[in-house]
Number of protein chains: 2
Amino acid sequence: MRTGTEISKKPRGRPRAFVAAEVLDRVRVVFLEKGFAAASVDELAAAAGLNRPSLYAAFGDKEQLYIHTLRFYGKKSVEGLDSVLAGPGTVEQRLARAYKTAIDLYTAPPHRLGCMIVGTAAVESPTHPRIAAVASELLAAIEKSLEQAFAASDLAPEPSPAARARMAGAIMYAIAIRARLGARPAELRAFAASMVPVICR
Amino acid sequence: MRTGTEISKKPRGRPRAFVAAEVLDRVRVVFLEKGFAAASVDELAAAAGLNRPSLYAAFGDKEQLYIHTLRFYGKKSVEGLDSVLAGPGTVEQRLARAYKTAIDLYTAPPHRLGCMIVGTAAVESPTHPRIAAVASELLAAIEKSLEQAFAASDLAPEPSPAARARMAGAIMYAIAIRARLGARPAELRAFAASMVPVICR
DNA sequence: TGCGTTTTGTGCGATACGGTACACAAATAC
DNA sequence: GTATTTGTGTACCGTATCGCACAAAACGCA
């Protein structure tokens with residue numbers, strides 16, 4: 001185990017042949033396309049370039065691997081959103097940029113897979129409460145990011161920043177679903193563009 | 001086969017021991033909770049009260065059974081929405097009633113399973129294009145129902161009924177996702193109530 | 001060098017999975 | 001009564017699945 005206080009320079013035992021973040025990024029691609037239930041440990045291991053026991057030793061069972069991957073994806077998503085919302089311009093321009101960035105990701109060829117949280121975690125929620133909990137936390141973090149951007153803006157105090165964030169988040173989740181179901185990017189872009197002035201009214 | 005011109009009163013062969021709609025309704029419950037991939041044919045057959053060969057004979061393979069079930073669920077959903085939107089009161093009141101009805105369904109105890117289309121079909125879309133196509137058709141039917149209600153109302157001509165329908169639909173899908181992820185019904189009701197005047201502005 | 005620790009690699013096990021073969025059952029037509 | 005058609009029930013099949021056992025590899029430390 002790698003936990004605990006490491007006094008010496010190098011940990012004892014055979015070194016790992018992989019970097020955890022790289023594995024999670026490769027495994028994310030499989031989970032994003034197949035979803036949790038349909039992604040087999042064999043294909044996850046193949047994508048990771050590891051044998052199954054190595055994957056189990058490093059990340060735990062399949063659900064734990066999925067949760068690690070979801071947190072990894074979610075953290076990057078929130079960081080990306082924070083970054084765009086902290087950028088230049090009015091809050092409308094920043095929100096529009098956030099939607100554009102999200103749509104570009106959700107509809108990237110060849111597969112147009114949408115968002116891992118909304119697209120693959122929700123279906124597991126009734127039977128995997130731990131997955132549901134992580135997904136909910138991540139959506140809350142997205143909405144918090146949005147709320148902070150609205151709170152720091154010069155928009156009218158009503159609707160409140162929290163109400164605006166809930167609405168902006170809802171529009172983003174709907175776009176993610178529509179993207180995964182195959183909606184054309186142009187259609188999603190037009191929809192997002194029409195929603196920005198409504199959210200920022 | 002039951003197709004073709006039936007001159008005689010009763011079809012030849014052994015009669016079915018089940019009613020298709022009843023089977024689809026029972027199977028829907030399993031698919032709604034487990035999703036397509038994780039629902040096994042054994043448990044679907046058990047829920048239906050049929051042996052697996054009978055289920056295969058009547059509905060085809062697992063994907064075909066899922067598609068039959070999705071159409072069955074979607075048809076009922078659209079009919080329910082049509083009915084609420086054709087009811088008494090202003091279009092705001094009718095939209096509010098539609099959201100209330102949807103939220104009650106999506107958050108019905110014990111499981112709070114959300115919507116079968118958004119909650120279970122989207123995840124399969126990249127790998128099951130037939131499922132994606134049916135789900136998209138169903139969402140289009142929901143939006144058409146909404147659009148017709150807006151077109152027949154005395155709301156301002158801008159935004160157009162189609163734009164209002166897209167927005168109202170998006171809010172409904174987001175509510176469905178949030179419900180499946182475990183959001184509290186009161187929270188979803190408050191959100192829906194805050195969105196109705198925005199959609200109908 | 002030997003021992004302890006951690007990781008990798010091969011193979012295994014028990015079970016589940018989706019789908020099917022086929023005998024028998026239940027009906028209609030003649 | 002027999003032939004035909006359609007449905008049900010039991011058993012089977014080939015394969016996939018998830019998780020694990022254990023030997024060997026690769027390191028640190030004394």
Side-chain angles (χ1 to χ4, degrees), chain A residues 1-24 26-27 30-31 33-69 124 127-128 130-131, chain B residues 1-24 26-27 30-31 33-69 124 127-128 130-131:
Chain A
M1 289 293 289
R2 293 174 157 260
T3 57
T5 314
E6 307 274 354
I7 305 291
S8 54
K9 261 230 182 111
K10 285 191 172 183
R12 294 179 62 174
R14 183 173 166 172
R16 280 186 168 171
F18 61 89
V19 181
E22 284 174 14
V23 168
L24 290 180
R26 289 202 205 103
V27 154
V30 178
F31 276 133
E33 179 173 20
K34 297 289 182 73
F36 169 71
S40 75
V41 178
D42 263 354
E43 62 192 326
L44 292 165
L50 297 183
N51 289 299
R52 275 181 285 126
S54 301
L55 205 53
Y56 279 106
F59 298 103
D61 69 10
K62 188 180 169 188
E63 187 191 38
Q64 287 164 328
L65 175 62
Y66 179 79
I67 284 171
H68 279 293
T69 311
E124 305 301 335
T127 50
H128 293 82
R130 269 184 296 260
I131 292 176
Chain B
M1 287 297 283
R2 293 173 160 263
T3 57
T5 313
E6 305 276 356
I7 305 293
S8 55
K9 262 227 184 117
K10 286 189 171 184
R12 294 178 65 174
R14 182 172 168 171
R16 281 185 168 171
F18 61 88
V19 181
E22 284 174 14
V23 167
L24 291 179
R26 288 203 206 105
V27 154
V30 178
F31 275 132
E33 178 174 21
K34 298 289 184 72
F36 169 71
S40 73
V41 178
D42 263 353
E43 62 192 325
L44 293 164
L50 297 182
N51 288 300
R52 277 183 285 126
S54 301
L55 205 53
Y56 278 102
F59 299 102
D61 68 11
K62 186 180 170 188
E63 188 191 38
Q64 287 163 331
L65 175 62
Y66 178 80
I67 285 171
H68 279 294
T69 311
E124 306 301 336
T127 50
H128 293 83
R130 272 185 293 261
I131 291 176

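In what follows, chains carry the letters A, B, and so on, assigned in the order in which the sequence lines appear, proteins first and then strands, with residues in each chain numbered from 1.
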message: Using 30° and 60° as the class boundaries, would you call the ring planes of B:His68 and B:Phe59 parallel, tilted or perpendicular?
response: perpendicular
message: Taking 4.0 Å as the cut-off, does a side-chain nitrogen or oxygen of B:Arg16 come that near to OP1 or OP2 on D:dG7?
response: yes
- request: With the side chain of A:Pro53 defined as its heavy atoms from C-beta on, choose the nearest nucleotide among C:dA27, C:dG11, D:dT8.
  value: C:dG11
query: Where is the tightest heavy-atom contact between A:Arg52 and A:Ala45, given as atom of each residue plus distance?
result: CG-CB, 3.8 Å
- request: Could you check whether A:Ala17 gets within reach of a base, just the sugar-phosphate, or nothing at all, counting any heavy atom under 4.0 Å?
  value: sugar-phosphate
message: Just the rounded figure in Å: distance from C1' of C:dT8 to OH of A:Tyr56.
response: 16 Å
task: Indicate yes or no for a side-chain donor-acceptor contact from B:Lys62 to the backbone of B:Phe36 under 3.5 Å, with no hydrogens or angles considered.
output: yes
message: Rounded to whole Å, please give me the gap between CZ in A:Arg52 and C1' in C:dT8.
response: 14 Å
task: Measure from CZ on B:Phe59 to P on C:dT20 and round the result to the nearest Å.
output: 17 Å
task: Report the distance from atom CG of A:Leu50 to atom P of D:dC18, rounded to the nearest whole Å.
output: 16 Å
message: Does a side-chain N or O of A:Ser54 approach OP1 or OP2 of C:dT7 to a distance below 4.0 Å, or not?
response: no
- line: Ranking D:dC27, C:dT8, D:dC12 by distance to the side chain of A:Pro15, first place goes to D:dC27
message: In whole Å, I'd like the distance from the CG atom of B:Asn51 to the C1' atom of D:dC12.
response: 14 Å
- line: Closest non-hydrogen atoms of A:Ala38 and A:Lys34, given as atom of the first, atom of the second and distance, are CB-O, 3.5 Å
field: Nearest listed nucleotide, side chain of A:Lys62, among C:dT10, D:dG19, D:dT8
entry: D:dG19
query: When rounded to the nearest 0.5 angstrom, what is the spacing between NE2 in A:His128 and OH in A:Tyr66?
result: 10.0 Å
Atom-pair distance (CZ on B:Arg12; C1' on C:dC30), nearest Å: 9 Å
message: Given 3.5 Å as the limit, does a donor-acceptor pair link the side chain of A:Asp61 with the main chain of A:Glu63, or not?
response: yes
field: Contact residues, residues 36-45 of chain B to DNA chain D [heavy atom, < 4.0 Å]
entry: none
statement: Winner on side-chain proximity to B:Arg14, out of D:dG19, C:dA26, C:dT6, is C:dA26
- line: Nearest heavy-atom approach of B:Leu55 to B:Leu44 is CD2-C, 4.1 Å
